[in-house]
Amino acid sequence: MRLRFLTIDPDTGGDHCPAFFIDEDTGDLVFQGEAVTDRSDLDQIEAHSRMAGAETAVRLPARMAHRILEALDGIDPPVR
């Protein structure tokens, strides 16, 4: 896996921050953020998609949405 950094939470000091990466080999998206642990939130998620043992839900601040979209704009999917 070769991760390329795309963006970070703009309101952070640069330590322990939500961030967004792309795997340059597969095109997979990788998010760094706060793990969702609230049982009510997890129940709502699992009502649509059961999580496997290795999966977790990650919360990113809304202020990152436009940065994530900007980072994805123009990225070509990897050739398979």
Side-chain angles (χ1 to χ4, degrees):
M1 179 176 359
R2 294 181 311 139
L3 293 181
R4 178 170 30 129
F5 169 79
L6 294 176
T7 191
I8 197 165
D9 182 351
D11 290 350
T12 185
D15 192 22
H16 303 288
C17 354
F20 176 49
F21 305 82
I22 190 166
D23 181 329
E24 292 191 329
D25 295 329
T26 65
D28 291 348
L29 307 178
V30 177
F31 295 89
Q32 172 194 352
E34 180 182 339
V36 175
T37 58
D38 181 89
R39 187 69 253 167
S40 175
D41 292 343
L42 293 171
D43 288 345
Q44 292 177 68
I45 291 167
E46 289 188 342
H48 300 280
S49 176
R50 302 253 328 151
M51 283 194 275
E55 294 179 329
T56 189
V58 176
R59 181 179 305 276
L60 299 175
R63 63 183 168 265
M64 288 188 69
H66 77 280
R67 287 181 170 247
I68 291 168
L69 292 173
E70 287 175 355
L72 288 171
D73 188 35
I75 290 179
D76 294 324
V79 177
R80 297 196 187 236

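Computed from a prediction, not measured in an experiment: that's the story for all the values here. Below, all heavy atoms of this structure are taken into account, side chains as well, without hydrogens, waters or symmetry copies.
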- Is Arg4 paired with Asp23 through a side-chain N to carboxylate O contact shorter than 4.0 Å?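 No, no charged N to carboxylate O under 4.0 Å.
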- Item | Distance in Å, Leu3 CG paired with Gln32 CD, rounded so as to fall on 0.5 Å steps |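 Between atom CG of Leu3 and atom CD of Gln32 there are 11.0 Å.
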- Task: With side-chain contact (heavy atoms from CB on, under 4.5 Å) as the test, would you mind laying out the steps for Ile22 and Ile75 before giving the verdict?
- Result: CA-CA 10 Å; Ile22 190 166; Ile75 290 179; 3.7 Å; yes
- Message: If the condition is salt bridge (Lys or Arg N to Asp or Glu O under 4.0 Å), which residues does Arg67 pass it with, not counting sequence neighbours?
- Response: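 For Arg67 there are no salt bridge (Lys or Arg N to Asp or Glu O under 4.0 Å) partners, ignoring immediate neighbours.
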Side chain to side chain contact (heavy atoms under 4.5 Å, CB included) partners for [X], two or more places apart:
| X | value |
| --- | --- |
| Arg63 | Asp9, Pro10, Asp11, Pro61 |
| Glu34 | none |
| Ala71 | Leu6, Phe20 |

- Message: Hydrophobic clusters here meaning ILVMFWY residues chained together by side-chain heavy-atom distances under 4.5 Å, can you tell me if Met51 and Phe31 are in one?
- Response: no
- Is Val58 close to Val36 at the side-chain level, that is, under 4.5 Å between some pair of heavy atoms? no
- Query: With a 4.5 Å heavy-atom cut-off, do Ile68 and Leu60 have their side chains touching?
  - Reply: yes
- Query: Can you pull the side-chain hydrogen bond (donor to acceptor under 3.5 Å, both in side chains) pairs that have at least one residue in residues 47-56, sequence neighbours excluded?
  - Reply: none
Can you see which heavy atom on [X] is nearest to which on [Y], and at what distance?
| X | Y | answer |
| --- | --- | --- |
| Ala57 | Leu42 | CB-CD2, 4.4 Å |
| Ile8 | Pro18 | CG1-O, 3.3 Å |
| Met64 | Thr7 | CE-CG2, 4.4 Å |

- Message: Which residues pass the side chain to side chain donor-acceptor pair (under 3.5 Å) test with Asp73, not counting sequence neighbours?
- Response: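 Side chain to side chain donor-acceptor pair (under 3.5 Å) check on Asp73 returns nothing, list empty.
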